[in-house]
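First the proteins, then the strands, lettered A, B, ... as listed; each starts at 1. What you see below is based on every heavy atom in this structure, not just the backbone, and it leaves out hydrogens, waters and symmetry mates. Computed from a predicted model, the values in this text were never measured in an experiment.
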Amino acid sequence: MADQAHNAQPSSVDGQTRRDFLLYATSAVGVVGTGIALWPFVHSMNPAADTLALSTTDVDISAIKPGQSVTVVWRGKPVFVRHRLPEEIADAGKVDVASLREPQKDGDRAKKPEWLILVGVCTHLGCVPLGQKPADPKGEFGGWFCPCHGSHYDTSGRIRKGPAPANLPVPPYQFTSDTTVRIG
Amino acid sequence: MSGFKSNNKVVNWVEERLPIFSMMQHSAIDYPTPRNLNYWWNFGSLAAVMLIVMILTGLFLAMNYAANTAIAFDSVERIMRDVNYGWLLRYLHANGASMFFILVYIHIFRGLYYGSYKSPREILWFVGIAIFLAMMATGFMGYVLPWGQMSFWGATVITNLFSAFPLVGESIVTLLWGGFSVDNPTLNRFFALHFLLPFVIVGLVVIHVWALHTVKSNNPLGIDMKGPQDSLPFHPYYTIKDLFGIGVFMMFYLAFVFWAPNFFGEPDNYIPANPMVTPPHIVPEWYYLPFYAILRAFTMDIWIIPAKLQGVLAMFSAILILFALPWLDTSKVRSAKFRPLYRQFFWLFLADCLVLGYVGGKPAEGVLITVGQLCTAYYFGHFLVILPLLGLIEKPKPLPASIAQPVTKAAAILVALFIGLAGMSGEALASSGAGPALKKPDGGFSWEGVFGAHDKAALKRGWQVFHDVCANCHAMKLVSYRNLADIGFSADEIKVIAAEKEVQDGPNDEGAMFNRPARASDRIVPPFANEKAAQAANGGALPPDLSLMNKARTNGPYYVYSLMLGYEDAAPEGHPIPEGKMFNHYFPGNAISMPPPVMDDIVTYTDGTKATKEQIAKDVVTFLNWAAEPELDARKSMGVKVMIFLAGLTALMYALKRQIWKDVH
């Protein structure tokens, strides 16, 4: 730097280049660093480790009779566990899959045909559809009916009529024994 | 403002409706700044940066904090353990408070040295004091939120200050508490106010800068700018200089965050608040210590004014007297550079404040009481006697005709000051531990030093000792079984470990509670159902929870290590021990209820390590340290990367600053 100060006159163009280089390099490093520093703040809003650790729910299904449904809590959301009647299974199987808004075969939505397990949150805007209790309206297709904006789901939980864009999602689950299901 | 012109139509369109661009041009780019400002003038912008960091970290912490006495402490620990980067946010915030005060104290003393409070800058100075007062209130209420022992007792002591006022005092205190003691209503309102006040500070800062831009910056010579040759546009000269300062400061700040995050804190605050037991030595945060010393300096009732009220009045006066400073200082010359006598009294006053701070941090006993009283007298004497007289007797040196001299470097002084500060606090910390010198394990603990990390093998052995020995009496409520994955257990191993214990769950469909085997997501199951059961089973003494033990004692790891090895078979002569207690060299009071917890071969290590009692103690302390600071390994490795990055960025900013300033020097 001292040398440059001595011959400032001839090196002024050189000095300008050097200054531009330093300006761009410093700005680039600074901006990248600030960007990276923001990540911990954003990520702190994602689910915490204890929240993630609570992501399984065990359900005892021995007491659920055919035709009955229970609602259990998984990750703070309702999960529908329905013990389907043979005719409901048959209804679900008869549908022309190609005509569905979200084409899915019933066999791909239930590991055991008599047990249908769904996240009970309407895919439209997040209300809980009716159809779990015997007196509930079950919609035109005998499954679930969302009263908020009129979406009808069939006995496989697939969207058949109304504004919802997709079928009721199937959560990850496995049968840990003949009488228990672990959701999550 | 009229000189603003742009070629951009959108900019002009906005400008005609809201002159925001000309305002920025006027106040952040063209703003004429004295060309001779030294590095002491960096601290205002540094404090502003710190305020932003505090508000940002505070905002994201508030998203996870619960202001309820039942869960506040645990919610903070959840932030430390479970929230993504929660430990980083909390340590940035906790250390940030100390940094904010360091910066503001330097900023204030800069103002005192260079006479920045004198005409025409009185209102600028007033607003600054208001910011300082708001900061003190904010800092105090923030310290209450973690709801540890220091939080609770700090809140109790400080709110009780107001009880000193005659007639209305008790009613004020009850009003502050919202009850008959510091309790849930107090915590709730402190949280609300702690969230509000920083935004009040932002508003005050805007007024502070407004006043500054009206009267312009003071400078090391303390004389007015007389023309364009005396000033530089704020941008790029001072933007780059401030940015370089921020880079240096960030490295100082983050060194604490990553390597000594509890340096400024008190171990007692890792013990949950207990309204029944006051810690033996309670101290406020370091930044209040000089005022705390003044509070305690009054010990005799004078006439009808009780000592308690004198202390409280003096403490408030110590800050409020700053409002009168522009008139108490009768000298017309601003900068201490040209005031040979004031310069000496300035340093004396600074020393007086530091001694007050030291006294405030020590127990009020012996010679320190007198020292505190003398320093308090000097504090007020400085303002009320010395400053008014100095202006009359002092012969100032002749002032230069204009701001001619180039800037002198103060960076070296700054570095020396930081090192001195850190050294002083370190010494204070080291000397605070009474009792015999603590034992250290051979080879030290693996996690010490800049790159140190928890030794995985020692962690597993330590878990074995905890599981087989400690856990028969001690709980570890803040750690979950799933956390054992950190120390190298597989998911299947953790399932087996958890399933050894049962936890209550339910109610089931019949409405009954039932027991089930613990799962990975459960907390480590305590050995006793509740504290009463734990006391009953241990002769009336409650075995403390070990989750935070290493952080909840001064020099925690060494203390716990020494304690485990510090037993004597029989109490030495002259140290009688009550029936049923053991003698321990390191336990406060020497009489401990816990029988010697470790002895040779009390466990058989699965990895074949020889289980001497020293080895066992070292291993279990390692495990306890992981339990208390599970983020330590991640913290240090992130620290190394951040420091390398910041060093590079700061070097670049320094080079750019040299380049920009080279025609000025």
B:Asp82 versus A:Thr51: any side-chain heavy-atom pair under 4.5 Å?
no
Heavy-atom pairs under 4.5 Å with chain B - which of A:Asp60, A:Leu22, A:Val29, A:Asp50 has more of them than the others?
A:Asp50
Counting only non-hydrogen atoms closer than 4.5 Å, does A:Asp20 touch chain B with its backbone (N, CA, C, O), its side chain (CB onward), both, or neither?
neither
Contact class of B:Leu89 relative to chain A, heavy atoms under 4.5 angstrom
side chain
Looking only at heavy atoms, the pair that brings B:Phe60 and A:Ser44 closest together is CD2-OG, 3.5 Å
Honestly, the part of B:Asn64 sitting under 4.5 Å from a heavy atom of chain A is side chain
Less than 4.0 angstrom from a charged side-chain N to a carboxylate O is my criterion; do B:Arg516 and A:Asp58 meet it?
no
Can you establish whether the number of heavy atoms outside A:Asp96 located under 6.0 Å from its atom CG is more than 12?
yes
Which region of B:Met653, side chain (C-beta onward) or backbone (N, CA, C, O), has a non-hydrogen atom less than 4.5 Å from a non-hydrogen atom of chain A, or is it both or neither?
both
Interface residue of largest heavy-atom contact number with chain A, from B:Asn483, B:Asp522, B:Val83, under 4.5 Å
B:Val83
Are there more than 12 heavy atoms of other residues, nucleotides or ligands under 6.0 Å from atom NZ of A:Lys105?
no
A quick test of your reading: do over 12 heavy atoms of other residues, nucleotides or ligands sit less than 6.0 Å from CZ of A:Phe21?
no
Indicate the atoms forming the closest heavy-atom contact of A:Ala53 with B:Ser521, along with that distance.
O-CB, 3.5 Å
Is there a donor-acceptor pair under 3.5 Å between the side chain of B:Asn84 and the backbone N or O of A:Met45?
no
For atom CE of B:Met63, decide whether the heavy atoms of other residues, nucleotides or ligands shown that lie under 6.0 angstrom number more than 12.
yes
Please check if atom CZ in B:Phe514 has more than 12 non-hydrogen atoms from other residues, nucleotides or ligands closer than 6.0 Å.
yes
May I ask you to check whether over 12 heavy atoms, not counting those of A:Lys112, lie within 6.0 Å of atom NZ?
yes
Got a sec: does the NZ of B:Lys495 have more than 12 other heavy atoms crowding it under 6.0 Å?
no
Measuring heavy-atom distances to chain A, does B:Leu243 have an atom under 4.5 Å in its side chain, in its backbone, in both, or in neither?
neither
Atom group of B:Ile240 that falls short of 4.5 Å from chain A, counting heavy atoms
neither
How long is the span from the CZ atom in A:Arg19 to the NZ atom in B:Lys662, to the nearest 0.5 Å?
8.0 Å
